[in-house]
Amino acid sequence: MNITKEQIDELNAIVKVAITKEDYQDRVENILKDYRKQANIPGFRKGQVPMGLIKKQYGKAVLVDEVNKLLQDNLNKYLTEEKLDVLGNPLPKQQDNFNWDSEEFAFEFELGLAPEFEVELKTKKPVTHYKIVADQKMVDEQVERIRKQYGKLISKEEVGKEDEVRGTFKNEEAEIDNNATLELKKISDKKAISALTGKKVGDTVTLSTKGLFKEDYLLAGALGLSNDKVENLDVKVDFTIEEINERQPAELNQELFDKLFGEGKVSSQKELEERIKEDSEKQFEQQADQKLLNDVTERLIETTEFDLPAEFLKKWIQTTGEKELSIEQAQEEYEKSEKGLRYQLIEGKILKDHNIELQFEELKDFTKGFIKDQMAQYGQMNPEEEELDRIAARVLSNQDEAKRLSEQLMSEKLLALYKEKANLKTKEVNYEDFVKEVYG
């Protein structure tokens, strides 16, 4: 067997494979001998069928199968030994005069080659690295939420502007029939607040859905509808009052602190506020890190220039799916996947340049840490090491879970690299401003 490569350009090549009779003859003969031993053909005893008949019935199929196996094995071996970084898979070239009755065969494969390029982590334009702080306004709001959550409900006869009202929304035409609790403080429509104020249990108030709340999700929850169904919804609904309550906030005392954080962990309002600030900023850091990872990825795609073997990749997309695509469909699929392919190549280059790789023990420790955090949420603070090992082994035996955790760990490694090497500009913002800047 002889394999040679013809370089078309930097991104495209042709591999030619020449197979002679000596390459496949022994394999084919051995398989046909086994067929002869097992063949049951009328008129012949088992194992006594003439080899000529066996070859006539099975020879061509066995030849094709064995030559294809030989071809695939040696082509893959060649690509590995020659260290050819190919994109997609080799594509066989059509040969009009190919003949399986010949004793020698010649095959040609098109290759799309990965481009050579460098990745510069220190881009000219810096990437914003947000540091999200919990300001006093946010801390105060969280304290109020805690006090309300752990406070007492006091039943009332009439609706006041600070009260919570439970009742049922109805509109037969719009198929609305939902029991919900309204906090008057969250209602945006002043006419609705005025209409509800002073009402008693059993009273029915007609409200307009348009402008009832600032946020669609609040209206969706009140009416029992999905978010998409309440967008621009403008109907009248009848709200029948069933219960009126005033929420009396809980006192900021040791009993509440112990309930929130465990006995003796927090002992004053100041410590409570510090704990809220610390916990909030830990959560914010995760969001800021994800934003940084996304932004550095986008910047690297923008600034790392290289060509791809586009025509080869379109042809590969066109022919390798379950169903062959048209040229137009392959073009569309290529355009959808090009950005992702570019980043895969960029990420691969970064990992290679900075010797970043995943070791199984690292993944195992990472998984155990993940499990430990989950167990802590349910009050299991100090699980045994043997138990963690057992659960981690079970989690990692699931291929999907192992892949997800591997990707998560790799993202953490890349994030650490970007924080050290990339051109970053730190910007301190509160959470409200972060949301405005990032999500508009």
Side-chain angles (χ1 to χ4, degrees), residues 5-15 75-91 109-129 288-317 320 330-331 333-363 366 399 402-426:
K5 178 169 69 77
E6 178 187 342
Q7 194 77 27
I8 306 301
D9 55 39
E10 289 184 354
L11 300 173
N12 295 276
I14 301 288
V15 168
L75 181 59
N76 289 336
K77 184 180 177 184
Y78 174 81
L79 296 177
T80 302
E81 289 177 349
E82 295 296 313
K83 297 179 180 177
L84 293 176
D85 193 359
V86 299
L87 300 180
N89 293 315
L91 286 178
F109 294 87
E110 296 179 59
L111 301 183
L113 304 176
E116 292 186 6
F117 59 92
E118 297 299 324
V119 179
E120 182 55 65
L121 293 180
K122 277 201 175 298
T123 54
K124 289 182 181 179
K125 186 179 178 183
V127 176
T128 301
H129 182 198
D289 280 351
Q290 187 58 54
K291 172 65 176 166
L292 177 63
L293 194 61
N294 293 344
D295 288 349
V296 173
T297 296
E298 289 294 330
R299 185 62 52 81
L300 291 174
I301 292 172
E302 287 172 15
T303 58
T304 308
E305 296 183 359
F306 54 83
D307 293 325
L308 291 170
E311 293 309 312
F312 169 84
L313 290 170
K314 289 173 196 174
K315 191 186 297 185
W316 177 68
I317 290 170
T320 55
Q331 171 73 29
E333 286 300 313
Y334 174 74
E335 288 171 0
K336 286 180 186 175
S337 60
E338 182 187 6
K339 187 175 180 181
L341 176 57
R342 285 184 176 277
Y343 185 66
Q344 282 181 13
L345 292 170
I346 291 169
E347 186 182 272
K349 178 69 172 167
I350 291 170
L351 299 180
K352 183 179 177 182
D353 288 349
H354 297 275
N355 299 315
I356 298 174
E357 55 185 21
L358 289 185
Q359 303 293 339
F360 179 75
E361 284 303 315
E362 282 183 301
L363 180 59
F366 179 76
Q399 287 188 346
K403 182 183 177 185
R404 184 181 66 81
L405 290 164
S406 296
E407 289 172 351
Q408 201 171 326
L409 178 55
M410 186 58 76
S411 291
E412 288 195 7
K413 285 175 172 276
L414 286 170
L415 187 64
L417 177 70
Y418 296 158
K419 285 182 178 180
E420 180 188 352
K421 303 284 187 182
N423 182 12
L424 306 181
K425 176 182 69 176
T426 302

Can you name the closest pair of heavy atoms from [X] and [Y] and give their distance?
X      : Y      : result
Asp353 : Glu118 : OD2-OE1, 4.3 Å
Pro115 : Phe306 : CG-CD1, 3.4 Å
Val296 : Val127 : CG2-CG1, 4.1 Å
Leu87  : Phe312 : O-CE2, 3.2 Å
Leu405 : Phe366 : O-CE2, 3.7 Å
Thr297 : Leu293 : OG1-O, 2.8 Å

Is the number of heavy atoms from other residues, nucleotides or ligands within 6.0 Å of [atom1] ([X]) greater than 12?
X      : atom1 : result
Asp307 : CG    : no
Lys77  : NZ    : no
Glu10  : CD    : no
Lys122 : NZ    : yes
Gln399 : CD    : no
Lys413 : NZ    : yes

Can you confirm whether [X] sits close enough to [Y] that some side-chain heavy atom of one is under 4.5 Å from a side-chain heavy atom of the other?
X      : Y      : value
Thr303 : Lys125 : no
Leu84  : Lys5   : yes
Leu300 : Tyr418 : yes
Leu111 : Asn12  : no
Leu308 : Tyr334 : yes
Met410 : Leu351 : yes
Ser337 : Ile317 : yes

Salt bridge or not for Glu338 and Arg342, using N-O below 4.0 Å? yes
Can Glu120 and Arg299 be counted as an ion pair, charged N to O under 4.0 angstrom? no
Look up atom [atom1] in [X] and atom [atom2] in [Y], then write down how far apart they are to the nearest 0.5 Å.
X      : Y      : atom1 : atom2 : value
Lys419 : Leu424 : NZ    : CG    : 9.5 Å
Leu358 : Leu409 : CG    : CG    : 5.0 Å
Leu75  : Thr80  : CG    : OG1   : 9.5 Å
Glu116 : Leu11  : CD    : CG    : 9.5 Å
Leu91  : Thr320 : CG    : OG1   : 7.5 Å
Lys349 : Thr304 : NZ    : OG1   : 11.0 Å

Kindly indicate, with the supporting measurements, whether the criterion side chain to side chain contact (heavy atoms under 4.5 Å, CB included) is fulfilled by Glu298 and Lys339. CA-CA 10 Å; Glu298 289 294 330; Lys339 187 175 180 181; 3.0 Å; yes
Distance-only donor-acceptor check, side chains Glu412 and Gln408, under 3.5 Å: no
Is there a donor in the side chain of Gln290 and an acceptor in the side chain of Asn294, or the other way round, less than 3.5 Å apart? yes
From CA spacing to verdict: side chain to side chain contact (heavy atoms under 4.5 Å, CB included), Glu110, Trp316: CA-CA 10 Å; Glu110 296 179 59; Trp316 177 68; over 6 Å; no
What's the verdict on side chain to side chain contact (heavy atoms under 4.5 Å, CB included) for Thr128 and Asp295, showing C-alpha distance, side-chain angles and the deciding distance? CA-CA 8 Å; Thr128 301; Asp295 288 349; 5.6 Å; no
Step by step, would you call His129 with Asp289 a side chain to side chain contact (heavy atoms under 4.5 Å, CB included)? CA-CA 8 Å; His129 182 198; Asp289 280 351; 4.1 Å; yes
